[in-house]
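One structure is given below, encoded as structure tokens.
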Amino acid sequence: MADTKTVDTEAEPAGKQPKSVRVVLLALMITMMLAMLDNMIVGTAMPTIVGELGGLEHLSWVVTSYTLATAASTPLWGKLGDMYGRKGMFMASIVLFLIGSVLSGMAQDMGQLIAFRAVQGLGAGGLMVGVMAIIGDLIPPRERGKYQGMMAGVMALAMIAGPLVGGTITDHWGWRWAFYINLPLGVVALAAISVVLHLPRKRSQARIDYLGAGLLTVGITAIVLVTTWGGTEYAWTSARIMELIGIGVAALVGFVFWQTKAAEPVVPLHIFRSRNFTLMSVIGFIVGFVMFGATLFLPLYQQSVQGASATNSGLLLLPMLGAMLVTSMVAGRVTTNTGRYKVFPVVGSALMVVGLYLLSTMDTGTSRFMSGVFMAVVGFGMGCLMQITMLVAQNSVEMKDMGVASSSTTLFRTLGSSFGVAIMGALFNSRVQDVMAEQGGALGARVTEQSAQVNAAGLAKLPEAVREAYQHAVSAGTHSAFLLGAVVAVVALVAAVFVKEVPLRGAGPTSDADTDADGGAAAGDGTGAKAAVVEAV
């Protein structure tokens, strides 16, 4: 097995430049805003894009190509940052994202747009990972909670503002500016990071694990395609889906085997020896499963059943996202002040189970106020979990594995969102079509034959009896989807109970006894000086 060597150029501790750290954190928040806003803005612009470029039959690939590229590149960016330095890899991911944004804005047909969105997705894979790993380098875990709470706030803000910003840009400037708007934000982030961010310079003599990267990419691609195509493009039992499942399983099994042999594995399996890291990966997967499922079906329920306007679809989620924002900030502050965090995964998972069950009870008579209350309960739960999962995962590994820990946690959440949208969507669609066939008669069955989702214009044109049948069908569909979400969230609650509260690095003097017996690294000097030193630029 080849030996690896990493050389760090040490100088003045970063703790001596708090103003610089604050500027870096601002740049990181801008970068996270880029990653979160993009899909929200583009989703709003898609009808206009299709109207100009055509290619309606390839519409789903505009999102799928981006998602595939993001998921496949996420673990690679984390590993490359660990091997060759976080700053250079992070800046490279921003540049690649901006190049993809410019090319997407210049696309002349749907094929070009799909290809350029894949380029953009390759860069996006490094944005979130880079943000979290750099925070892990700069800030000791004891202090990290409040900053990661701020990051959760940025995510919530992006989810609320995205559709509104996307609609405004598309209406006044044209859809191409939905991509070009990334440029000024990205340039500001690049300039601040280039000048102010100082991290160790690393020179790794190890070779990149190309075989492991290839196997992981094939496995992730197959999983995302199964969850994207299953039940829509192809039946779940079709030969194509079965082939993809077989390819995905074979690739991932091969990947796991190869990681035990590789000199510098893409995802070192030893990080999963930490009980806390493994549990946080499970909880992160379920948070992704629940959050993206909820953001998909709640606006549909409110528009179809409660008659809300589609124009302000982002505002419909305000009770959930607002509660998530407030709780994330509070959880971060409490963790920083006390050094204790186990209560948040336990309480958060319990609230998520309760909130999802309450959402499953909604019917055609549920008021907007009550649905808002139910959403807030889910939001409080997710707020306790969103950043605490990353904090505990990072505290469970050594500093040299900070990148792969951050990327693995992000990847599990991404895969959870893919599974959540696919499985909850399949259950929703099946239930809506069954109820429409029962209550709407032949016309009702034809209305949902192609899709279980009917837009506001189409809904207004339906006969009253069919429209009422559709409202009951959507209520039944959301009941099934959220009930499934509640059952899945129970797994997160069980996982949270088994989390071991290991002292956070930076919480004060530690001893060997503070190191997690299951492989987590709790000990540290608390200064962050080993991680954050001035880089010789």
Side-chain angles (χ1 to χ4, degrees), residues 226-237 241 285-308 313 316-317 319-320 349-368 370-375 377-379 381-382 416-441 444-455 459 466-493:
V226 166
T227 56
T228 303
W229 285 348
T232 53
E233 297 285 331
Y234 303 96
W236 285 103
T237 56
I241 296 299
F285 179 92
I286 294 171
V287 168
F289 189 105
V290 168
M291 183 174 72
F292 285 91
T295 54
L296 176 64
F297 296 112
L298 281 170
L300 179 61
Y301 168 83
Q302 291 190 310
Q303 293 171 33
S304 301
V305 179
Q306 296 181 328
S313 57
L316 301 177
L317 299 175
M320 182 177 74
S349 300
L351 286 173
M352 203 160 61
V353 172
V354 172
L356 288 165
Y357 174 75
L358 291 174
L359 288 176
S360 75
T361 66
M362 295 190 303
D363 55 27
T364 55
T366 304
S367 67
R368 290 192 190 182
M370 287 309 301
S371 61
V373 171
F374 298 162
M375 281 190 281
V377 175
V378 175
M382 289 195 296
S417 67
S418 294
F419 275 89
V421 169
I423 297 174
M424 293 173 77
L427 192 60
F428 173 86
N429 291 342
S430 175
R431 188 69 182 127
V432 168
Q433 289 169 349
D434 288 345
V435 174
M436 283 298 284
E438 292 171 6
Q439 298 188 14
R446 286 200 301 273
V447 167
T448 57
E449 184 177 3
Q450 298 298 322
S451 173
Q453 300 183 26
V454 180
N455 59 31
L459 192 60
V466 178
R467 185 164 61 249
E468 290 179 358
Y470 182 71
Q471 290 173 338
H472 281 95
V474 170
S475 295
T478 52
H479 166 78
S480 299
F482 289 128
L483 194 59
L484 171 65
V487 172
V488 171
V490 171
V491 178
L493 178 57

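These numbers were taken from a predicted model, which means no experiment stands behind them. Residue numbers start at 1 and run along the sequence shown.
In this structure, Phe419 and Phe285 have tilted ring planes: the angle between them lies in the 30° to 60° band.
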Next item on the list: Starting from the C-alpha separation in whole Å, work towards a yes-or-no answer on side-chain contact (heavy atoms from CB on, under 4.5 Å) for Ser417 and Phe289.
Entry: CA-CA 4 Å; Ser417 67; Phe289 189 105; over 6 Å; no
Checklist line | Steps toward side-chain contact (heavy atoms from CB on, under 4.5 Å) verdict (Gln302, Met375) | finding: CA-CA 12 Å; Gln302 291 190 310; Met375 281 190 281; 3.5 Å; yes
Check: Run the side-chain contact (heavy atoms from CB on, under 4.5 Å) check on Leu356 and Phe374 step by step: do they pass?
Finding: CA-CA 8 Å; Leu356 288 165; Phe374 298 162; over 6 Å; no
Notebook entry, point to check: When you look at Met352 and Ile286, which way does the side-chain contact (heavy atoms from CB on, under 4.5 Å) test go after all the steps?
Noted result: CA-CA 10 Å; Met352 203 160 61; Ile286 294 171; 4.2 Å; yes
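Looking at Thr478, its side chain does come within 3.5 Å of a backbone N or O of Val474 through a donor-acceptor pair.
Closest approach of Ala476 and Val435 over heavy atoms only: CB-CG2, 3.8 Å. Closest heavy-atom contact between Pro319 and Gly372: CB-O, 3.4 Å. For the pair Leu298 and Met320, the tightest heavy-atom approach, listed with the atom from each and the gap, is CD1-SD, 4.2 Å.
A distance of 8.5 Å separates CG of Leu359 from OG of Ser371, quoted to the nearest 0.5 Å. Distance check, rounded to the nearest 0.5 Å: CZ of Phe297 to CE of Met362 gives 11.5 Å. Once rounded to the nearest 0.5 Å, the distance linking CG of Leu483 with CZ of Arg431 reads 11.5 Å. Taken from CG in Asn429 to OG in Ser480, the straight-line distance is 11.5 Å, to the nearest 0.5 Å. We find the CH2-CH2 distance between Trp229 and Trp236 to be 12.5 Å, quoted to the nearest 0.5 Å.
Residue pairs meeting the side chain to side chain donor-acceptor pair (under 3.5 Å) criterion with at least one member in residues 351-364, sequence neighbours excluded, are Asp363-Thr366.
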